[in-house]
A.B. asks: 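Below is the structure I would like to discuss, written out as C-alpha cells.
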Amino acid sequence: MLKELENSMLVFAVFDGSKPLENEDYELIKQLHGKNKRTVCIINKTDLERKIDMAYLATQFGTVTEI
C-alpha cells in the first residue's frame, strides 16, 4: 500500500462508517499527513448505524464525504 501511496497524485481514503476506526486506519491517516497527499475522505455504509468518529476525521481531512 505504501508504494502506491508514494506514486499517487490523489488519494481516496474510504472508511467503513459502520465500524470504529482501527489502528490500521489511524496509521493510514498518519501516512497521508506525513506525505502531504491530496486526499478525499469518504465514508461508506452510511445506511448502517454510524460507529465511526466523524469529528476526528473532520479534524484530519477537513471535508468528509458520505456515500
Side-chain angles (χ1 to χ4, degrees):
M1 172 180 78
L2 295 179
K3 185 175 183 178
E4 290 85 0
L5 190 60
E6 289 289 332
N7 297 322
S8 64
M9 295 177 67
L10 175 66
V11 176
F12 292 96
V14 181
F15 300 94
D16 183 340
S18 68
K19 298 189 317 186
L21 291 170
E22 298 177 348
N23 288 338
E24 184 177 271
D25 299 319
Y26 290 110
E27 184 59 32
L28 173 63
I29 294 166
K30 180 180 171 184
Q31 291 292 325
L32 291 170
H33 283 284
K35 302 201 181 305
N36 292 322
K37 292 293 181 177
R38 293 181 57 193
T39 305
V40 177
C41 179
I42 300 170
I43 307 302
N44 68 0
K45 299 186 182 179
T46 57
D47 57 324
L48 302 176
E49 180 183 354
R50 181 179 294 159
K51 295 184 180 177
I52 199 164
D53 187 347
M54 294 292 287
Y56 174 76
L57 292 174
T59 64
Q60 298 302 304
F61 293 104
T63 303
V64 178
T65 302
E66 297 180 69
I67 58 172

A.B. asks: Kindly list each side-chain donor-acceptor pair under 3.5 angstrom involving residues 56-64, sequence neighbours excluded, with atom names and distances?
C.D. replies:
| residue | atom | partner | partner atom | Å |
| --- | --- | --- | --- | --- |
| T59 | OG1 | Y56 | O | 2.6 |
| Q60 | OE1 | H33 | NE2 | 3.3 |

A.B. asks: Applying side-chain hydrogen bond (donor to acceptor under 3.5 Å, both in side chains), name anything that partners S18, two or more places apart in sequence or on another chain.
C.D. replies: D16
A.B. asks: Could you list who else is in V14's hydrophobic cluster, with ILVMFWY side chains joined at under 4.5 Å, directly or through other members?
C.D. replies: L10, F12, V40, I42, I67
A.B. asks: State which residues pass side-chain hydrogen bond (donor to acceptor under 3.5 Å, both in side chains) with N44; sequence neighbours excluded, sorted by chain then number.
C.D. replies: none
A.B. asks: Once you round to the nearest 0.5 Å, how far does CD of E27 lie from CD1 of I29?
C.D. replies: 10.0 Å
A.B. asks: For residues 57-67, which residue pairs pass the salt bridge (charged side-chain N to carboxylate O under 4.0 Å, His left out) check, not counting sequence neighbours?
C.D. replies: R50-E66
A.B. asks: Just wondering, are more than 12 heavy atoms of other shown residues or ligands nearer than 6.0 Å to CG in D47?
C.D. replies: yes
A.B. asks: Could I get the full list of side-chain contact (heavy atoms from CB on, under 4.5 Å) partners for K51, not counting sequence neighbours?
C.D. replies: P20, E49
A.B. asks: I need the K45 NZ to I52 CD1 distance, nearest 0.5 Å.
C.D. replies: 11.0 Å
A.B. asks: So, taking the atom named CD in E22 and the one named CZ in F15, what distance separates them when rounded to the nearest 0.5 Å?
C.D. replies: 11.0 Å
